[in-house]
J.: 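What follows is a structure written as structure tokens; I'll ask about it next.
Note that these values count all heavy atoms, side chains included, but never hydrogens, waters or copies made by symmetry.
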Amino acid sequence: MSVEQSVELFQTTSRNLIHIVKAYRDAATILLKRFTFQRFYWKTEFGTGKADGTGLATGGIWASKGFLTGYFANKSTFKSEPSISVIPYFNRKCFRSELECIVSIRVGQAMYALLKVIRKIPFKKEAVI
């Protein structure tokens with residue numbers, strides 16, 4: 001395979017991947033618009049056994065949880081304030097995460113969203129021989 005062919009393959013694969021990610025993001029947005037979070041509680045306990053590693057990882061966990069909760073809050077409706085927490089354990093190795101949420105969606109809205117999602121997601125078409 002030549003360099004030009006490799007570059008062409010890479011570009012094609014990249015375009016396809018971007019298209020698929022965009023389709024799934026759009027599908028998630030369609031569904032999340034119709035969700036109502038009645039309760040959202042997310043608690044994580046984490047430790048690496050060393051203080052420096054635990055501190056660094058705790059910041060990453062906070063950032064990830066903040067991003068996801070913000071994304072859900074932007075795309076959905078929250079009836080109550082979401083509760084997220086990260087508890088670092090500096091002197092032992094552990095990982096535990098609890099997620100409690102109550103989500104509601106109307107049946108008609110769910111069916112409508114499902115139909116829209118089915119139309120959005122690209123399905124691989126197989127050749128019939």
Side-chain angles (χ1 to χ4, degrees):
M1 181 181 281
S2 70
V3 174
E4 292 170 351
Q5 289 173 328
S6 297
V7 170
E8 178 78 25
L9 179 64
F10 177 75
Q11 288 175 339
T12 304
T13 306
S14 299
R15 275 189 238 113
N16 290 341
L17 182 63
I18 289 169
H19 180 69
I20 290 169
V21 168
K22 184 180 181 306
Y24 282 106
R25 186 199 65 206
D26 292 346
T29 300
I30 289 167
L31 288 172
L32 285 173
K33 280 183 183 177
R34 287 154 179 80
F35 281 179
T36 300
F37 286 87
Q38 306 294 335
R39 174 172 159 71
F40 189 85
Y41 169 81
W42 193 4
K43 175 183 168 184
T44 303
E45 298 173 356
F46 180 80
T48 63
K50 295 186 177 181
D52 57 346
T54 299
L56 187 62
T58 300
I61 293 170
W62 267 117
S64 301
K65 289 173 86 167
F67 171 78
L68 286 172
T69 304
Y71 183 77
F72 292 156
N74 187 29
K75 302 293 182 189
S76 301
T77 304
F78 277 84
K79 290 292 185 181
S80 65
E81 189 73 26
S83 173
I84 60 173
S85 64
V86 178
I87 301 170
Y89 289 101
F90 296 105
N91 56 353
R92 65 181 168 135
K93 293 180 181 181
C94 69
F95 179 78
R96 180 173 175 228
S97 191
E98 283 180 47
L99 175 64
E100 292 179 26
C101 65
I102 299 173
V103 180
S104 62
I105 185 170
R106 294 183 177 157
V107 175
Q109 289 289 322
M111 291 187 311
Y112 177 72
L114 185 61
L115 289 173
K116 285 184 80 168
V117 167
I118 288 171
R119 289 190 344 208
K120 279 272 188 200
I121 295 178
F123 290 102
K124 189 175 186 178
K125 297 178 183 175
E126 296 183 25
V128 178
I129 299 173

J.: I need the minimum non-hydrogen distance between Ala113 and Leu31, along with the two atoms involved.
T.: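 Closest pair (atom of Ala113, atom of Leu31, distance): CB-CD2, 3.7 Å.
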J.: Could you list the residues that satisfy side chain to side chain contact (heavy atoms under 4.5 Å, CB included) with Gln38, not counting sequence neighbours?
T.: Thr36, Lys79, Ile102, Ser104
J.: Please examine the side chains of Lys116 and Arg34, heavy atoms only from C-beta on, and report whether any two atoms are closer than 4.5 Å.
T.: yes
J.: Over all heavy atoms of both residues, which pair between Thr54 and Pro88 is shortest? Give the atoms and the distance, please.
T.: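 Distance-wise, the nearest heavy atoms are CG2-CB, 3.9 Å.
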J.: Out of curiosity, does Met111 fall in the hydrophobic cluster containing Val103 (side-chain heavy atoms, cut-off under 4.5 Å, transitive links)?
T.: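 In one cluster with Val103: Met111, no.
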J.: Rounded at 0.5 Å granularity, tell me how far CD1 in Ile30 sits from CG in Leu115.
T.: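 Answer for the CD1-CG pair, Ile30 versus Leu115, is 10.5 Å.
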J.: Who passes side chain to side chain contact (heavy atoms under 4.5 Å, CB included) against Tyr41, sequence neighbours left out?
T.: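 So Tyr41 forms a side chain to side chain contact (heavy atoms under 4.5 Å, CB included) with Arg39, Lys43, Ser83, Glu98, Glu100.
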J.: With sequence neighbours excluded, give me every ring pair (Phe, Tyr, Trp, His ring centres under 6.0 Å) pair touching residues 51-79.
T.: Phe37-Phe72, Phe37-Phe78, Phe40-Phe78
J.: To the nearest 0.5 Å, how far apart are CZ in Phe46 and OG in Ser97?
T.: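 Result: 11.5 Å between the selected atoms.
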J.: State the CZ-OG1 distance between Arg96 and Thr44, to the nearest 0.5 angstrom.
T.: 10.0 Å
J.: Any link between Ile84 and Phe35 through a network of hydrophobic side chains (Ile, Leu, Val, Met, Phe, Trp, Tyr) touching at under 4.5 Å?
T.: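 Per the 4.5 Å side-chain linkage, Ile84 and Phe35 are co-clustered.
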J.: Establish whether Leu68 and Phe95 are linked, either directly or via other cluster members, by ILVMFWY side-chain heavy-atom contacts under 4.5 Å.
T.: yes
J.: Rounded to the nearest 0.5 Å, what separates atom CG in Asn74 from atom OG1 in Thr69?
T.: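 Interatomic distance, Asn74 CG to Thr69 OG1, rounded to 0.5 Å: 12.5 Å.
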J.: With hydrophobic residues grouped by side-chain heavy-atom distances under 4.5 Å, do Val86 and Tyr89 end up in a single group?
T.: no
J.: Under the side chain to side chain contact (heavy atoms under 4.5 Å, CB included) test against Arg15, which residue among Leu17, Thr12, Thr13 passes?
T.: Thr12
J.: So does Tyr112 have more than 12 non-hydrogen atoms from other groups sitting under 6.0 Å from OH?
T.: no
